[in-house]
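Notes to accompany the following structure.
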There are 2 protein chains.
Amino acid sequence: MTKIPIPGQPVRGSRRGAPIMALFDLLGRHWAMGVLWTLSEIGPATFRTLQERCETISPGALNTRLKELQAAGFVHKVEGGYAATASGRRLYELLHPLGEFSKEWALHMNSNDNT
Amino acid sequence: MTKIPIPGQPVRGSRRGAPIMALFDLLGRHWAMGVLWTLSEIGPATFRTLQERCETISPGALNTRLKELQAAGFVHKVEGGYAATASGRRLYELLHPLGEFSKEWALHMNSNDNT
DNA sequence: CTAAACCGCTATAAATTTTGTAGCGATCCG
DNA sequence: CGGATCGCTACAAAATTTATAGCGGTTTAG
């Protein structure tokens with residue numbers, strides 16, 4: 001079905017499967033970070049809730065991403081739907097600073113200086 | 001040509017263009033983070049060098065990504081090719097911890113415990 | 001000057017991924 | 001028994017990505 005990138009095996013960006021490139025291969029798919037982010041912010045959520053929160057994701061895409069994130073160990077099923085695993089929460093925390101960064105970036109984009 | 005996500009305008013994950021979702025829309029495209037990462041690690045590089053370092057990227061993809069990253073203000077042209085802007089370096093720094101994380105993750109993936 | 005060797009990048013077609021929409025089978029009320 | 005959810009599958013259309021060839025320009029060597 002979906003092919004999930006495994007560190008140590010050829011991935012996008014590294015024929016030898018450099019971990020960072022394997023991770024980028026996984027996260028660099030449409031919606032991957034958005035799903036993890038949303039799931040982390042709202043806590044355990046059902047498939048449909050997640051779908052609504054992501055506003056425009058299609059069920060097929062959501063399902064594919066969820067499977068990949070589960071295979072990677074960042075998400076798992078719990079009572080009440082899906083939730084981030086410890087590892088997933090850790091990843092979310094590392095991604096978290098991007099929230100602030102993105103706001104500054106938004107300012108740049110809507111004016112046009114260069115810092 | 002390529003449509004780059006603008007915060008404040010509909011993007012994947014947010015009809016109202018939440019900055020973080022706009023950023024994810026941009027970075028969540030095949031190769032986007034890999035290119036920024038590679039460029040940041042090797043410093044200013046020519047198109048062809050970048051292409052080699054990315055190992056398996058096609059020139060079309062590289063060119064598209066470079067244009068997007070430039071439009072977003074993360075990359076610009078310099079003597080000697082392309083380089084990360086101040087903003088791009090900042091983003092790279094935020095992404096940097098993922099390097100370590102990915103190594104731990106690689107261990108998880110190749111054994112199978114759960115931390 | 002000529003030719004080989006790069007360079008940035010475009011062209012194009014095939015392959016893959018993502019979207020959008022419909023809806024099935026299962027549960028859970030009342 | 002309806003009616004309202006739910007998780008998720010089906011599937012075709014649209015969009016993105018890949019792979020490969022190669023053009024026109026510049027540099028280097030002879």
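Just the heavy atoms: all of them, side chains too, but no hydrogens, waters or symmetry mates, feed the values below. Lettering of chains follows the sequences in order, A, B, ..., and the numbering in each one begins at 1.
- Note on N63(B): every side-chain N or O is 4.0 Å or more away from OP1 and OP2 of dG8(C).
- Residue K67(A) has a polar side-chain atom (N or O) positioned under 4.0 Å from OP1 or OP2 of dT9(D).
- Residue-to-nucleotide proximity on DNA chain D shows that, of G28(B) and A45(A), the 5′-proximal contact is made by A45(A).
- Phosphate contact (OP1/OP2 of dT17(D), side-chain N/O of R65(B), threshold under 4.0 Å): present.
- In this model, the phosphate group of dC8(D) is approached by a side-chain N or O of Y82(A) to a distance below 4.0 Å at OP1 or OP2.
- One finds the CD atom of Q70(A) at 10.0 Å from the OG1 atom of T85(A) (value rounded to the nearest 0.5 Å).
- At the heavy-atom level, T46(A) lies under 4.0 Å from the strands shown only through sugar-phosphate atoms.
- Between W31(B) and the phosphate of dT16(D), there is no side-chain N or O to OP1/OP2 separation shorter than 4.0 Å.
- Following chains of ILVMFWY side-chain contacts shorter than 4.5 Å, one can reach L62(A) starting from I42(A), so the two form part of one hydrophobic cluster.
- We find that CE of M33(A) is positioned 16 Å from C1' of dT18(C), with the value rounded to whole Å.
- Sequence order on DNA chain C of the closest nucleotides to S58(A) and G80(B) puts G80(B) first from the 5' end.
- Side chains of M109(B) and I4(A) form a contact here, defined as non-hydrogen atoms less than 4.5 Å apart.
- Here K77(A) reaches the OP1 or OP2 of dC8(D): one of its side-chain N or O atoms lies under 4.0 Å away.
- Comparing H30(A) and G60(A) against DNA chain D, the residue whose closest nucleotide sits nearer the 5' end is G60(A).
- With distances taken from any side-chain atom of F47(A) to the nucleotides dC8(D), dT17(D), dG8(C), the minimum falls on dC8(D).
- Side-chain N/O atoms of R48(A) include none lying less than 4.0 angstrom from OP1 or OP2 on dC8(D).
- Here dT18(D) is the nucleotide among dA22(C), dT20(D), dT18(D) with the atom lying nearest to any side-chain atom of R12(A).
- Electrostatic pairing of E93(B) and R90(B) does not count as a salt bridge here, judged by no charged N lying under 4.0 Å from a carboxylate O.
- Ring planes of F101(B) and F74(A): tilted class, angle from 30 to 60°.
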